[in-house]
Every structure is written in C-alpha cells, then in structure tokens.
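Take a look at the structure set out below.
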Amino acid sequence: MTEPLYAPKSHYDARSREPVPEPLPRIHSGRLWAGGIGTAVVMALLILVAILLVRGVFGIPVLAPEHEGVYGTANTTTYALGAAGITLLATGILHGLLEFMPTPLTFFYWITSLATAAAVILPFTVSAAQDEQIATAVINLVAGVCLMSVLGTVAAGSVRHPGGELSWADAERRTRR
C-alpha cells in the first residue's frame, strides 16, 4: 500500500524519536494572482480579437447589428470586460481549491469545463440568427479552453514545494497512472 500524495510524510526526530510531519506544499498567492490578472488581460484581448475576426472577416454580426461596423457597440467592450471578470473569479476559485482540496486541478478543470459547456450552450437559448449563435458559442468555447489551460499552468507554477517535492500537477499526473 502506498501513502497518499497529499498526506504529510513524516520522519523521526532524533532526540524524541517522535514522528515529525514534513510541511505540505504552500501556495505563492502573489504569483497566483499576478498570473490571474495576466490571464484576465489575455481573455479580454482574446474576446476582442475573436469579435473582430467574426464581424470583420466572416461578416457575422455578433452582439450588434451589421451597420455598427467591425467593432460593434459597447456590448463588445462589456463582453471583453466580462471575460476578464470571470477570469478573476476563476482565479479566486482556483486559490480556494489549491488551499483546501486534495486534488485541486482536477476539481478546477471539472468546474471550468462545466462552466464552459454552459457558456457554449447559452447562445442557443436566445433569439438570434443561427450563424450568430454558432459564432458566439465558438468564441465562448475558445475562451473557456484558454482560461482552463492558462490558469491551470499558472496554478502549477504558483505552488512552493518544501524539499523540491512534486508540484500539484506532477502529483495529479502520478495518480492517473
């Protein structure tokens, strides 16, 4: 039988011969939130670029009538800022998961995958042309995948390991084998 990956390992104190647990990995909060803010900027720019591509190149009037031009209206800005806000919310959730969950990235990927699925389905629940619904769903899918991949990488890089032990990501990969 093997020891759980996140259970504190112990060694014995030379004087008292009592087990002394080794410290668990610690979260480097500053690095995590700096990465979250950077990811929020990436997400806002991704939404802007995607809307410019869909409206300007493909001619699909996402979020505004076609006569509003390539950028559209203030809805484009709201969509981009909303993506940045959701990214900061996801960073907060990720921080909590890293602090309190045994396999934080597994839970994070499940939560963000299900939220992305909801964001992909949402455009089909409103009254709009089918090409606009599909374009919006694709934008939401690409944004969700971006959020998961970038914040997942940020999480793995924001964990301090005493004694050079495995990162959260390495430990989770080992449990899947």
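When all heavy atoms of Val120 and Ala137 are compared, the pair lying nearest together is O-CB, 3.4 Å. Gly36 and Val154 make their closest contact through N-CG1, 4.4 Å (heavy atoms, listed as atom of the first residue, atom of the second, distance). For the pair Gly59 and Pro61, the tightest heavy-atom approach, listed with the atom from each and the gap, is O-CD, 3.5 Å. For Leu46 against Cys146, the heavy-atom pair with the smallest separation is CD2-CB, 4.2 Å. Contact detail for Tyr109 and Met148: the closest heavy-atom pair is CE2-O, 3.5 Å.
Considering CG of Leu88 and CE of Met43, their distance stands at 10.5 Å, rounded to 0.5 Å. Rounded to the nearest 0.5 Å, atoms CD1 (Ile121) and CG (Asn140) are 11.0 Å apart. In this structure, OG1 on Thr77 lies 7.0 Å from CG on Leu48, to the nearest 0.5 angstrom. Taking CG from Leu94 and OG1 from Thr87, the interatomic distance works out to 11.5 Å, rounded to the nearest 0.5 Å. Between Ile93 atom CD1 and Thr112 atom OG1 the span is 9.0 Å, to the nearest 0.5 Å. Atom NE2 of His95 sits about 7.0 Å away from atom CG of Leu98, to the nearest 0.5 Å.
Both Val142 and Phe124 are part of a single hydrophobic cluster, where members link through side-chain heavy atoms under 4.5 Å apart. A chain of hydrophobic side-chain contacts below 4.5 Å, direct or via other Ile, Leu, Val, Met, Phe, Trp or Tyr residues, connects Val62 to Val57. Transitive grouping of hydrophobic side chains (ILVMFWY, heavy atoms separated by less than 4.5 Å) brings Leu89 and Leu32 into a common cluster. Under the 4.5 Å side-chain heavy-atom criterion for ILVMFWY residues, a single connected hydrophobic cluster contains both Val145 and Leu151. Val42 is not connected to Ile139 by any chain of hydrophobic side-chain contacts under 4.5 Å among Ile, Leu, Val, Met, Phe, Trp and Tyr, and they are in different clusters.
Within the 3.5 Å criterion, the main-chain N or O of Pro123 finds no donor-acceptor partner in the side chain of Glu132.
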- [ ] Determine, stepwise, if the pair Tyr79 / Asn75 fulfils side chain to side chain contact (heavy atoms under 4.5 Å, CB included).
- [x] CA-CA 6 Å; Tyr79 195 6; Asn75 289 337; over 6 Å; no
TODO: Could you please spell out the steps behind the side chain to side chain contact (heavy atoms under 4.5 Å, CB included) verdict for Phe108 and Met101?
DONE: CA-CA 10 Å; Phe108 177 73; Met101 298 302 285; over 6 Å; no
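Residue Ile51 forms a side-chain contact (heavy atoms from CB on, under 4.5 Å) with just one option from Val54, Ile47, Val49, Leu53, and that option is Ile47.
Counting heavy atoms from C-beta on, the side chains of Ile134 and Ile60 never come closer than 4.5 Å.
Within 6.0 Å of the CZ atom in Phe58, the count of heavy atoms belonging to other residues, nucleotides or ligands does not exceed 12.
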